[in-house]
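Letters A, B, ... are given to chains in the order of the sequence lines, protein chains preceding strands, and every chain is numbered from 1.
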Protein chains: 2
Amino acid sequence: MEDTRGDSGPLKSVRRLFDVVEAIEALQEATLTEIADETGIATSTLYEYLKTLEGVQYIIKEDREYRLGSKFVRLGTSSKQVIPLTGVVTPYLERLAEDTGETVWFLIEEYGLGVYLEHAAGDQSIKTAHSIGGQSHLHCHAGGKAILAHLPADRVNKIINTHGLPAMTENTITSRSRLLEELEQIRDQGYAQNDSEQLEGTRAVSSPIVIEGEVFGAISIGGPEHRLHGEWFEEELPNQVRSVTNEIRLDRLYS
Amino acid sequence: MEDTRGDSGPLKSVRRLFDVVEAIEALQEATLTEIADETGIATSTLYEYLKTLEGVQYIIKEDREYRLGSKFVRLGTSSKQVIPLTGVVTPYLERLAEDTGETVWFLIEEYGLGVYLEHAAGDQSIKTAHSIGGQSHLHCHAGGKAILAHLPADRVNKIINTHGLPAMTENTITSRSRLLEELEQIRDQGYAQNDSEQLEGTRAVSSPIVIEGEVFGAISIGGPEHRLHGEWFEEELPNQVRSVTNEIRLDRLYS
DNA sequence: GATATTGTTCCGGTAATCCCGGAATCCGTC
DNA sequence: GACGGATTCCGGGATTACCGGAACAATATC
């Protein structure tokens, strides 16, 4: 029997449960048959999954449509709270967003992908491109490269092997050696840049939070290239992110 | 065989899965044996649950400790996005927090409990008392009462039957008739107040967002009683929340 | 408004799986 | 290096997840 999730653990019903949950997530709101189509689970079986999810109050059935309940919001908050830096980072993000006027992100690495955990919008910033909890490849933006630059070499290789280096734009780094070279450079200069590598017309500058050799995440400033250019992009923003990540490092160390 | 979750759905393994997830949530970080103690599941069985959760990348095993992964953050974001007002409410919350200097909340009702979904902190505000996704009884604070006041009478009764009216402080309304009376008054005046009913020494003012007879949530302003008193608490804040919820209503209607 | 169609809920038998005891292995500690 | 504790692995037996199909409900069609 084929299985979309491969050998991801012995308990089939748990795997299927998350198939169901993710199907509802993807569809936002959906009826039983819609979810059945999405997952390939027989309607009578799916009915039991949905009934149970409703019983534990993790999904909500309104009229005939199912949607995710706010208990997932609670789990999300709990999940974030355990991550060492989430509490510390927020005020720094807000100040940086205010000072620069651009959108600022706090990003971590998990299972080889980047995850956006916090966000602060400056007055100039356009509406958010990513959502909190959203995943992204690491090789195609400043924050991801900043993190990769400080992961052990074997982990970087494993991540590349698992997720590849897919081209998001024509500027995306798609060669392993090119990437490793750039990571070297990022380590040297203490910050990373993204020039239309993830999304055409957008740029970013990022610096990692490294404490005792371990990366805990990265702070990024991003915006449209018509604002992020020249000295502002090459000098000013790199200095600002680096000084903020340094402050966070010290805050974390002495508190 | 006894079951903590009662008749909450036919699929036992799904119920147990959420027992495991919630145990990890409660413990924040925990080893296999700690989770086994918390849930009462045999270690060999639990091992399979954790293995599967790790396989689908919803938990993270570091060293010997398990914790919730950020996929729950993603699900939380998705869950919030489906709720009709989340997108709309944020800028209004921020403005209200700035204007009043106090902490401001957006609250909804789900399964008979209040859930805090958004939050904005004014410069005067102390650190947040609730967390995003956190649940609370509805009868003991302004936002909850504002919502209850606009739910159908039979739903209100059902909620009281299910969750009771537990006393959180000596000011908490613990009598059904007293509560119903106050809800009546809240409907009349268009806002609700909380005077040390949830937490000693804190007050709040709240107004519901009602569109075509349906409550979609409530906005609350909360703070310590030494700041929330007199005309500010009795006149100014009620006017401010009401005007904001009214704006949100109109924003929602014509957009 | 009656009928057709589509979607949901219920039921029961069976194959699969979850489940736990116990053994083996790993890890930290004395 | 031996001990104790925790984790991982294994196997068989009991439970339950699973799906077909029937009953029922809701919606669409004429």
Side-chain angles (χ1 to χ4, degrees), chain A residues 1-24 26-69 82 111, chain B residues 1-24 26-69 82 111:
Chain A
M1 196 153 288
E2 73 268 66
D3 192 330
T4 22
R5 288 183 184 276
D7 61 338
S8 46
L11 298 190
K12 190 183 167 190
S13 56
V14 172
R15 293 199 310 269
R16 290 190 115 186
L17 172 79
F18 283 105
D19 283 340
V20 172
V21 168
E22 288 175 10
I24 300 176
L27 298 166
Q28 310 227 78
E29 288 192 283
T31 64
L32 185 121
T33 22
E34 285 167 345
I35 303 167
D37 288 348
E38 182 83 9
T39 55
I41 299 173
T43 54
S44 52
T45 306
L46 180 62
Y47 178 72
E48 303 190 301
Y49 276 89
L50 294 174
K51 202 86 208 249
T52 311
L53 272 164
E54 209 189 340
V56 295
Q57 308 190 344
Y58 272 84
I59 61 169
I60 292 155
K61 186 183 183 180
E62 226 163 44
D63 214 12
R64 201 149 292 267
E65 305 241 295
Y66 295 92
R67 59 185 169 87
L68 299 182
V82 182
Y111 286 107
Chain B
M1 195 154 289
E2 72 267 65
D3 190 329
T4 24
R5 287 184 184 275
D7 61 338
S8 49
L11 299 190
K12 191 182 167 190
S13 56
V14 171
R15 292 198 312 267
R16 291 190 112 185
L17 171 80
F18 282 104
D19 284 340
V20 172
V21 168
E22 286 175 12
I24 301 175
L27 299 166
Q28 309 229 75
E29 287 193 283
T31 64
L32 186 122
T33 22
E34 286 168 343
I35 302 167
D37 289 348
E38 180 84 9
T39 56
I41 299 173
T43 54
S44 52
T45 307
L46 180 60
Y47 178 71
E48 305 190 300
Y49 277 89
L50 294 173
K51 202 87 210 249
T52 311
L53 272 164
E54 209 189 340
V56 295
Q57 308 191 344
Y58 271 84
I59 62 171
I60 292 156
K61 186 185 185 179
E62 226 163 42
D63 217 12
R64 206 149 288 267
E65 305 240 295
Y66 294 92
R67 60 184 167 86
L68 299 182
V82 181
Y111 285 107

Distance in angstrom units between [X] [atom1] and [N] [atom2], rounded:
{"X": "Asp19(A)", "N": "dA17(D)", "atom1": "CG", "atom2": "P", "result": "16 Å"}
{"X": "Leu50(B)", "N": "dA6(D)", "atom1": "CG", "atom2": "P", "result": "16 Å"}
{"X": "Asp63(B)", "N": "dG28(C)", "atom1": "CG", "atom2": "P", "result": "7 Å"}
{"X": "Leu46(A)", "N": "dA17(D)", "atom1": "CG", "atom2": "P", "result": "14 Å"}
{"X": "Ile35(A)", "N": "dG7(C)", "atom1": "CD1", "atom2": "P", "result": "13 Å"}
{"X": "Leu17(B)", "N": "dA17(D)", "atom1": "CG", "atom2": "P", "result": "12 Å"}

Checklist entry - For the side chain of Glu34(B) and the backbone of Thr31(B), is there at least one donor-acceptor N/O pair under 3.5 Å apart? => result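 Here the side-chain-to-backbone pair exists.
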Is any side-chain heavy atom of [X] closer than 4.5 Å to a side-chain heavy atom of [Y]?
{"X": "Tyr111(B)", "Y": "Ile60(A)", "answer": "yes"}
{"X": "Gln28(B)", "Y": "Arg67(B)", "answer": "no"}
{"X": "Thr52(B)", "Y": "Pro10(A)", "answer": "yes"}
{"X": "Tyr49(B)", "Y": "Asp19(B)", "answer": "no"}

Item to check | End-to-end axis angle, where each axis spans five pairs of the helix from dG1(C)-dC30(D) to dC30(C)-dG1(D), to 10° | outcome: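 It works out to 50° between the end axes.
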Checklist entry - Roughly how far, to the nearest 0.5 Å, is the CD1 atom of Ile24(A) from the CD1 atom of Ile59(A)? => result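 That separation rounds to 4.5 Å.
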Pair up each side-chain donor or acceptor in residues 38-46 of chain B with any protein partner under 3.5 Å, not counting sequence neighbours, and list the distances.
residue	atom	partner	partner atom	Å
Thr39(B)	OG1	Ile35(B)	O	2.8
Thr39(B)	OG1	Ile41(B)	N	3.3

Checklist entry - Which nucleotides of nucleotides 9-19 of chain C have their base under 4.0 Å from a protein heavy atom (B), which only their sugar-phosphate (S), and which neither (-), written as one string 5' to 3'? => result SB------SSB
Next on the checklist: For Leu53(A) and Leu17(A): C-alpha separation, side-chain torsions, deciding distance, then whether side-chain contact (heavy atoms from CB on, under 4.5 Å) applies.
Outcome noted: CA-CA 9 Å; Leu53(A) 272 164; Leu17(A) 172 79; 3.8 Å; yes
